[in-house]
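In listed order, ligands and their atoms are each counted from 1.
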Amino acid sequence: MTATEQNLLSLSQLGDPAVVANPYPVLAALREASPYAVLDGALVILGRHADCSMILRDSRVSSQRSTSRLRPPDAPPRPGISFLSMDPPDHTRLRRLVSKAFTPRTVARLAPRIEAVTDELLSAAAEQSPGQLELVSQLAYPLPVRIICELLGVPATDHPRFAGWSARLAHSLQPQFMAPEENAADAAAAREEFAVYFRELIAARRADPGDDLLTDLIRAEDEGSRLTEAELISTAVLLLVAGHETTVGLIANAVLALLRHPDQLAALRADPGLATGAVEETLRYDPPVQMTARVARATIPIGELEATDGTLLLLLLAATGRDPAVYADPDRFDITRESASRPAAGHLAFAAGPHFCLGAPLARLEAATALTAFAQRVEAPELAAGGLSYKPNFNLRGPRRLLISSGGIRSTTRPPGR
Ligand code: HEM
């Protein structure tokens, strides 16, 4: 077997259920072999921090995956794509309109609500199953979902209608050349069901405006430009799906790492100020979004290689967080790790450059709040035997179930109203 065939094989292993539980040894091997080209140069794999960081910020790459040479020329156009998959000037215009409605101030105002929902969920878990906490279904999933629904102005009673659509869309976010064709068809169907749902909700908000993000998006205006109906729908779906499928993984991955490193959990319990460090360390060490892609729009030298117009660049974000060229002792989970003093050490879990995650402040706040409450309230937590299983996704990756046995959940110590 040639080195190229071997590398292609390692890449396909990322979808193996046994590897999904711990992809890091495979990712390390791919990073060390990278950058390298496969499939006659149509696909270039990047796993080094410096290479991925450079490509994410390079204006010669496109986020329109459909323009890659790997996409069959007769493939039908994908309807309903969001600005995540657009380039300037459309990307710039839409992102600016959304940023106007989704500011760090809007997010900061949510802090008391996020604390209240977290406390409520932990208290409900204490009542439902004393001595046991199923972290995903009882905290990590419902917290971001409730917050994004409330923020957008999606009625909680509608949630059962679209929870499944979101999971189907997330499943389709695997790189297309690694995912079966039926995923694309299923995602298209889910996207259409979402569109029907949001079309009705947008009509209702136009008739009766609310104090919510959807109403703000309907109103958002910038230099005379507004979101069209199709843009409004694709943006609402993007925010809802991002709020469903990523922060869940961040909270669950962080709690799992803390359970596996009891000294770090003890440190967090002793000093709640370490919650921010725990969130950043999890984003580096075990990020919820494992990879993303760009398409070269020009000849771009990457190390010894040259990507040419149409080359798909697969960026293994999860491999960059453990790059020994950037992080000392990269496989060690350390919530006190100093990276602020070394700007180059910033992780790429939220990407970088023009598509840097718009929801990062929200995800950080939700995760820090959940970890603080977990460390303060859950007594003597331990991973239950057989209590961990993973979703099949290797891109939006994270536990499906994380069962924790505990000595009980303390009642909240926060003053009422906070
Ligand atoms: C831990 C949680 C999260 C992670 C790890 C994450 C990760 C990412 C990454 C890697 C990208 C860039 C993708 C690319 O360019 O290829 C991205 C973009 C984006 N994220 Fe997040 N995300 C998270 C949470 C959220 C939340 C909660 C929201 C909003 C509710 C959100 C909204 C967005 C949006 C709108 C974009 C597109 C930005 C653009 O294209 O300009 N994300 N996110």
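Each of Asp119, Thr118, Val117 was evaluated against Leu121; a single residue qualifies, Val117, per the side chain to side chain contact (heavy atoms under 4.5 Å, CB included) test.
For Ala351, heavy-atom contacts with ligand 1 shorter than 4.0 Å involve the backbone as well as the side chain. When non-hydrogen atoms are compared, ligand 1 lies under 4.0 Å from neither the backbone nor the side chain of Arg364. Neither the backbone nor the side chain of Leu56 comes within 4.0 Å of ligand 1, counting heavy atoms alone. Under 4.0 Å from ligand 1, not a single heavy atom of Met86 appears. Counting heavy atoms closer than 4.0 Å to ligand 1, residue Ile148 contributes side-chain atoms (C-beta onward) but none from N, CA, C or O. The parts of Leu84 lying near ligand 1 are both backbone and side chain, judged by heavy-atom distances below 4.0 Å. Contact annotation: for Pro354 versus ligand 1, heavy atoms closer than 4.0 Å belong to the backbone alone.
Under a cut-off of 6.0 angstrom, the local environment of CD in Glu382 is sparse, with at most 12 non-hydrogen atoms contributed by other residues, nucleotides or ligands.
For ligand 1 and Arg65, the ligand atoms under 4.0 Å from any heavy atom of the residue are 16 (O). Within ligand 1, the atoms closer than 4.0 Å to a non-hydrogen atom of His91 are 39 (C), 40 (O), 41 (O), numbered from 1 in the order shown. Residue Arg95 has at least one heavy-atom neighbour below 4.0 Å for each of these atoms of ligand 1: 38 (C), 39 (C), 41 (O). Ligand-side atoms of ligand 1 in range of Thr292: 14 (C), 16 (O), range being under 4.0 angstrom from any heavy atom. Of all the atoms in ligand 1, the ones that sit under 4.0 Å from a non-hydrogen atom of Leu250 are 1 (C). Every atom of ligand 1 with a heavy atom of Leu238 under 4.0 Å away is listed here by number and element: 35 (C).
For the ligand labelled ligand 1, residue His347 lies outside the 4.0 Å heavy-atom shell. Heavy-atom distances between Ala349 and ligand 1 reach below 4.0 Å in at least one pair.
At distances below 3.5 Å, not a single donor-acceptor pair connects side-chain atoms of Arg96 with backbone N or O atoms of His91. Arg60 places no side-chain N or O within donor-acceptor distance of the main-chain N or O of Ile300, the cut-off being under 3.5 Å. Side-chain atoms of Arg95 never come within 3.5 Å of backbone atoms of Arg93 as a donor-acceptor pair (strictly under, hydrogens ignored).
When only interatomic distances are considered, the shortest N/O to N/O separation between Thr247 and ligand 1 does not fall below 3.5 Å. Taking distance alone, with nitrogen or oxygen atoms compared against 3.5 Å, Arg294 approaches ligand 1 more closely than that limit.
For atom 26 (C) of ligand 1, the closest non-hydrogen atom of the protein is Gly359 CA, 3.7 Å. Closest to atom 31 (C) of ligand 1 among all protein heavy atoms lies Ala242 CB, 3.4 Å. For atom 36 (C) of ligand 1, the nearest protein heavy atom (residue, atom name, distance) is Leu358 N, 4.0 Å. Of the protein's heavy atoms, Phe350 CD2, 3.6 Å lies nearest to atom 6 (C) of ligand 1. Among protein heavy atoms, the minimum distance from atom 25 (C) of ligand 1 is reached at Cys357 SG, 3.6 Å. Of the protein's heavy atoms, Thr246 OG1, 3.1 Å lies nearest to atom 24 (C) of ligand 1. Among protein heavy atoms, atom 40 (O) of ligand 1 sits closest to His355 ND1, 2.6 Å.
Note that CG of Leu14 and CG of Leu316 are 7.0 Å apart. Values are rounded to the nearest 0.5 Å. Annotation: the span from Arg205 atom CZ to Leu214 atom CG amounts to 6.5 Å, rounded to 0.5 Å. Distance check: Leu256 CG to Thr282 OG1 gives 9.5 Å after rounding to the nearest 0.5 Å. Once rounded to the nearest 0.5 Å, the distance linking CZ of Arg284 with CD of Glu280 reads 11.5 Å. Annotation: the span from Ile114 atom CD1 to Leu151 atom CG amounts to 9.0 Å, rounded to 0.5 Å. Rounding to the nearest 0.5 Å gives a distance of 7.0 Å between CG of Leu43 and CG of Leu11.
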Residue pair Arg400, Glu134: steps toward the salt bridge (charged side-chain N to carboxylate O under 4.0 Å, His left out) verdict: CA-CA 10 Å; Arg400 185 200 330 248; Glu134 202 290 276; over 6 Å; no
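With Tyr24 as the aromatic partner, Arg322 meets the cation-pi criteria of under 6.0 angstrom to the ring centre and within 45 degrees of the ring axis.
Using the six-membered ring where Trp is involved, Tyr141 and His159 have ring planes that are tilted, between 30° and 60° apart.
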